[in-house]
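Counting starts at 1 for both ligands and their atoms, following the listed order.
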Amino acid sequence: MKLLFEKSVPGTGGCYIPSCDVEAYTLSSSYLREKEAELPEISENDLSRHYSALERRAYGVNDGFYPLGSCTMKYNPKINEVCAGLEGFTDVHPLQPLDTVQGCRKVLDLCAQYLCEITGMDAMTLAPAAGAHGEFTGMMLIKKYHELRGDTKRTKVIVPDSSHGTNPATGTMNGFQVISIPSTPDGYVDLEALKAAVNDETAGLMLTNPNTLGLFDRNICEITRIVHEAGGLCYYDGANMNPVMGIVRPGDMGFDCIHLNLHKTFSTPHGGGGPGAGAVGCKAFLQEYLPYDTEKNEHSAGKVRSFHGNFLVVVKALAYILSLGKEGIPEAAKAAVLNANYLKSLLSGTYTMAQSGFCMHEFVMTLEEEHKEKGFSALDIAKGLLDRGIHPPTMYFPLIVHEALMAEPTETESRQTLEEAANIFLEVYAEACADPESMHHKPEKTVIGRPDEVQAARKPVLRWYAEGMDDAV
Ligand SMILES: *Cc1c(COP(=O)(O)O)cnc(C)c1O
């Protein structure tokens, strides 16, 4: 497919600007470019076709099954988008006088209030722009708490090895020393290792729950008790709340602070490259360290984002919460768990599961043996799935499982879709067993085949030069 620059025909154009009703101003030549910008010239019709063609090449949740684990790529009712597109929300300015944006304030307050109720927290900030950003903010509160109590010895954060990779990164970015503790063979936090790791230098624990194996830690209350007894605080990575929302509350399990990914659980899809919101909730004793009202609040841990964060993501989250309601939210959670377990059971005889038994909203398969014995890998299966028209699961994550494929069907898939998808997974597996070599060339039916991932990472081509153009576009 040609780029717009290659399609450009001098003299064509589709840009109709109304005539200017203010006096022209001549900029000083020092601000002007020396040469005209080499912009593509293309008619409105051709431009529109260009973007439609691009759109047809993309694959999204509206195209088919998309079981990307740890991302929650689900169907989100379009009403949420409609709400976020209302002029009263899209056309406000963050510096508008407060009395003109009372509706928007109400959206923020109401959403924070519901999220507090769902998580069992007392206060919530909606400012952070992503999950990892929320973690960073949450750990700032914990740091500030110890600092203001003069408990300066507490410089260590405990992170189980089944946590999301952003957890150790967050600890380090906040200046803590990260202590990793192992999981038991069945995928839970090793309580003995935790007891051995806590002491008077423990600032806190960061726990991803459900963890990256898709398991709810059955010892969760014992875990928070051990950390609290040692004087540390407990941070809950709630990026993936959808299997537990409306069922259990981290605040009731002993957690002091949490972040949610509104762009996973609450209506905005993760991974689409768009804006996100990593809402951070905390118990009352941490509230004064939250990033809001930094001018008025001398104990605030500091500002983390301009204004109120990605406001329209919050509008979508509120629309989602209000439309599902008290009954619908736990129902969605149960359906997410049911769907994951159904798909897991359909695949279990063929694919090796990293963990047996029930999972939460996602499960992890391992192709380690196939890779060693049969000559095909998790990557080969993922690429084979692409040729069959479905999006592959997350690959090579979590890191504690070799040759991992992590699948999250989400609550919005029908039984029929799950069964059709399971059949495709089984067919691709059978194909790989019959001819492992052929798998290395997949996908063959997609727009591009297998890119050279090493070259793409080491020598990415980020600019395009046209013939005769001396400047990169
Ligand atoms: C996705 C995810 C994150 C990070 O969220 P981003 O918005 O991508 O920064 C953190 N923790 C867990 C468990 C996640 O699944």
Side-chain angles (χ1 to χ4, degrees), residues 66-74 76 115 119 125-140 157 159-174 178 180 183 187-189 204-217 220 234-245 250 253 255 257-281 304-305 309-310 312-314 316-317 333 336 340 359-364 393-401 404-410:
Y66 206 126
L68 199 62
S70 199
C71 280
T72 316
M73 300 294 288
K74 62 188 176 185
N76 286 298
L115 294 175
T119 55
T125 171
L126 303 167
H133 195 194
E135 285 173 43
F136 186 77
T137 308
M139 291 309 287
M140 277 167 70
V157 168
V159 180
D161 66 0
S162 60
S163 285
H164 195 263
T166 48
N167 297 177
T170 293
T172 306
M173 288 292 286
N174 261 303
V178 172
S180 175
S183 309
Y188 299 101
V189 170
L205 164 92
M206 293 186 80
L207 191 78
T208 298
N209 190 67
N211 66 21
T212 55
L213 295 164
L215 302 176
F216 188 103
D217 206 300
I220 200 142
C234 297
Y235 183 89
Y236 189 101
D237 180 337
N240 303 303
M241 265 303 269
N242 60 320
V244 297
M245 60 182 183
M253 300 178 227
F255 286 88
C257 191
I258 181 177
H259 85 268
L260 300 169
N261 276 33
L262 302 191
H263 52 294
K264 273 182 185 168
T265 308
F266 297 96
S267 189
T268 298
H270 180 264
V280 172
V304 295
R305 176 71 163 69
N310 287 321
L312 296 175
V313 177
V314 179
K316 276 191 267 183
C359 61
M360 295 302 285
H361 61 305
E362 60 194 3
F363 59 92
V364 182
T394 296
M395 302 185 300
Y396 298 97
F397 180 83
L399 301 179
I400 50 176
V401 175
L405 283 180
M406 174 196 240
E408 174 180 4
T410 79

Report yes if some heavy atom in the side chain of [X] is under 4.5 Å from a heavy atom in the side chain of [Y]; otherwise report no.
X: F363; Y: M406; value: no
X: P160; Y: L205; value: yes
X: T119; Y: L260; value: yes

[X] neighbourhood, listing ligand 1 atoms whose heavy-atom distance to it stays under 4.0 Å:
X: N240; answer: 13 (C), 15 (O)
X: A130; answer: 7 (O), 9 (O)
X: E135; answer: 10 (C), 11 (N)
X: H263; answer: 7 (O)
X: T208; answer: 13 (C)

Checklist entry - Identify the closest protein heavy atom to atom 5 (O) of ligand 1: which residue and atom is it, and at what distance? => result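 Scanning the protein heavy atoms, the shortest distance from atom 5 (O) of ligand 1 goes to N261 ND2, 3.0 Å.
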Checklist entry - Closest non-hydrogen protein atom to atom 11 (N) of ligand 1, residue and atom name please, with distance? => result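 For atom 11 (N) of ligand 1, the nearest protein heavy atom comes out as D237 OD2, 2.6 Å.
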Next on the checklist: Are any of the N/O atoms on G131, whether in the backbone or the side chain, positioned under 3.5 angstrom from an N/O atom of ligand 1?
Outcome noted: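 There is such a contact, yes.
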Next on the checklist: Tell me whether A132 has any N or O atom under 3.5 angstrom from an N or O of ligand 1.
Outcome noted: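 The answer is yes, given that A132 and ligand 1 share an N or O pair closer than 3.5 Å.
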Next on the checklist: Distance alone, cut at 3.5 Å: any donor-acceptor contact between the side chains of E408 and S70?
Outcome noted: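 Side chains of E408 and S70: no pair found under 3.5 Å.
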Checklist entry - Do you know which of T170, N167, T212, N209 makes side chain to side chain donor-acceptor pair (under 3.5 Å) with D237? => result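 Testing each of T170, N167, T212, N209 against D237, the sole residue satisfying side chain to side chain donor-acceptor pair (under 3.5 Å) is N167.
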Checklist entry - Which of the listed options, K264, H270, E408, holds the heavy atom that is closest to atom 1 (C) of ligand 1? => result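 Selected option, by shortest heavy-atom distance: K264.
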Checklist entry - At a 4.0 Å cut-off, with the gap strictly under it, does some heavy atom of S70 reach an atom of ligand 1? => result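 Heavy atoms of S70 do come under 4.0 Å of ligand 1.
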Checklist entry - Parallel, tilted or perpendicular for Y236 and F255, by the 30°/60° rule? => result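 The arrangement is perpendicular - the two ring planes meet at more than 60°.
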